[in-house]
Amino acid sequence: MPKESTRSVLKYGAIFSGIVIFYRLLSDFASQAVLVLKPLVYLTDIILGLLAVGIIFYLLRRLIFAEEKAKKAIYVAFVLVLGFYFVGEIVGVRFLPALAWFVVPSPWDALLMTGSSGALILWQWKEEFGRAFIFPIVAFLVVGFLHRWTLAQGVQNLGMTVLLPTVIIVFGLVIYYWFTIRALKKNRTESDK
């Protein structure tokens, strides 16, 4: 049975944890008046991400070489690992922010999120799959700036505070899925040739 290297498990676990933390920050930026950093929640994301990715790699390796009877047990274990991850995320998000948090006031929160998003976009621009992530990132940033503008202007109508942000995020996700599907089809036709 081939063995995955510790380095690859740590690498993919760190990438997975980084994506979860970054989108958690973007979501907080889009939904709150000020950005609140929660280091214990991010630590939970990192630990659960590393554990989940490591265990999933191990289960997938076992699944490839398993007999038919053992495959059912591995599927159950896979579902349990994912369930453990999501329960851990819910518990971590619900109870840990009360223990330690930092508020990043305006305009520093906007500068932090715009700068980190811009750096991520520039870093991922050369990869076609990475380019697809630009649209949800920009959608969350636009919603965050819209949220701050509506609070500053005292806007209370439903269209500006709920409907427009929802449409912007859904539009960003639809474009993301469209680009991802297009890239997958393009890769499939190139691999068929």
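Since we're looking at a predicted model, the values are computed, not measured.
The shortest distance between side-chain heavy atoms of L37 and L25 falls below 4.5 Å. Residues F84 and L48 have side chains in contact (heavy-atom distance under 4.5 Å, counting atoms from C-beta outward). With a 4.5 Å cut-off on side-chain heavy atoms, H147 and L151 count as touching. Side chains of L50 and L10 form a contact here, defined as non-hydrogen atoms less than 4.5 Å apart. Counting heavy atoms from C-beta on, the side chains of R148 and D109 come closer than 4.5 Å. Residues V81 and I56 are in side-chain contact: their nearest non-hydrogen atoms beyond the backbone lie under 4.5 Å apart.
Taken together through direct or relayed side-chain contacts under 4.5 Å among Ile, Leu, Val, Met, Phe, Trp and Tyr, I137 and V167 form parts of separate hydrophobic clusters. Under the 4.5 Å side-chain contact rule for hydrophobic residues, I168 and L173 share a cluster. Grouping the Ile, Leu, Val, Met, Phe, Trp and Tyr side chains by contacts below 4.5 angstrom, directly or via other members, places V170 apart from I134. Under the 4.5 Å side-chain heavy-atom criterion for Ile, Leu, Val, Met, Phe, Trp and Tyr, L122 and Y176 are members of distinct hydrophobic clusters. F135 and V174 fall into different hydrophobic clusters, defined by Ile, Leu, Val, Met, Phe, Trp and Tyr side-chain heavy atoms under 4.5 Å apart, directly or through other members.
Between the OG1 atom of T180 and the CD1 atom of I175 there is a distance of 11.5 Å, given to the nearest 0.5 Å. In this structure, the separation between CG on L111 and CG on L35 is 11.5 Å, given to the nearest 0.5 Å. Atoms OG and CD1, from S31 and I169 in turn, are 9.0 Å apart once rounded to the nearest 0.5 Å. To the nearest 0.5 Å, the span separating CG on L120 from CG on L26 amounts to 9.0 Å.
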Contacts table for residues 154-165: side-chain donor-acceptor under 3.5 angstrom, sequence neighbours left out:
from : atom 1 : to   : atom 2 : distance (Å)
N157 : OD1    : M160 : N      : 2.9
T161 : OG1    : N157 : O      : 2.9

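Using cut-offs of 30° and 60° on the angle between ring planes, the pair F133 and Y23 is tilted.
Listed here is the closest heavy atom pair of F140 and A30: O-CB, 3.6 Å. Contact record, V36 with Y42: O-OH, 3.8 Å, taken as the closest heavy-atom pair. Contact record, S116 with F22: OG-CE1, 3.7 Å, taken as the closest heavy-atom pair.
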The test is side chain to side chain contact (heavy atoms under 4.5 Å, CB included); show your working for V53 and I15 and say whether it passes. CA-CA 10 Å; V53 168; I15 290 171; over 6 Å; no

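Without hydrogens or angle criteria, S117 side chain to T114 main chain gives no donor-acceptor distance under 3.5 Å.
Under the 6.0 Å cut-off for aromatic ring centres, F145 and F29 qualify, their centroids lying closer than that.
When I46, I47, T44, L43 are each tested for a side chain to side chain contact (heavy atoms under 4.5 Å, CB included) with S17, only one passes: I46.
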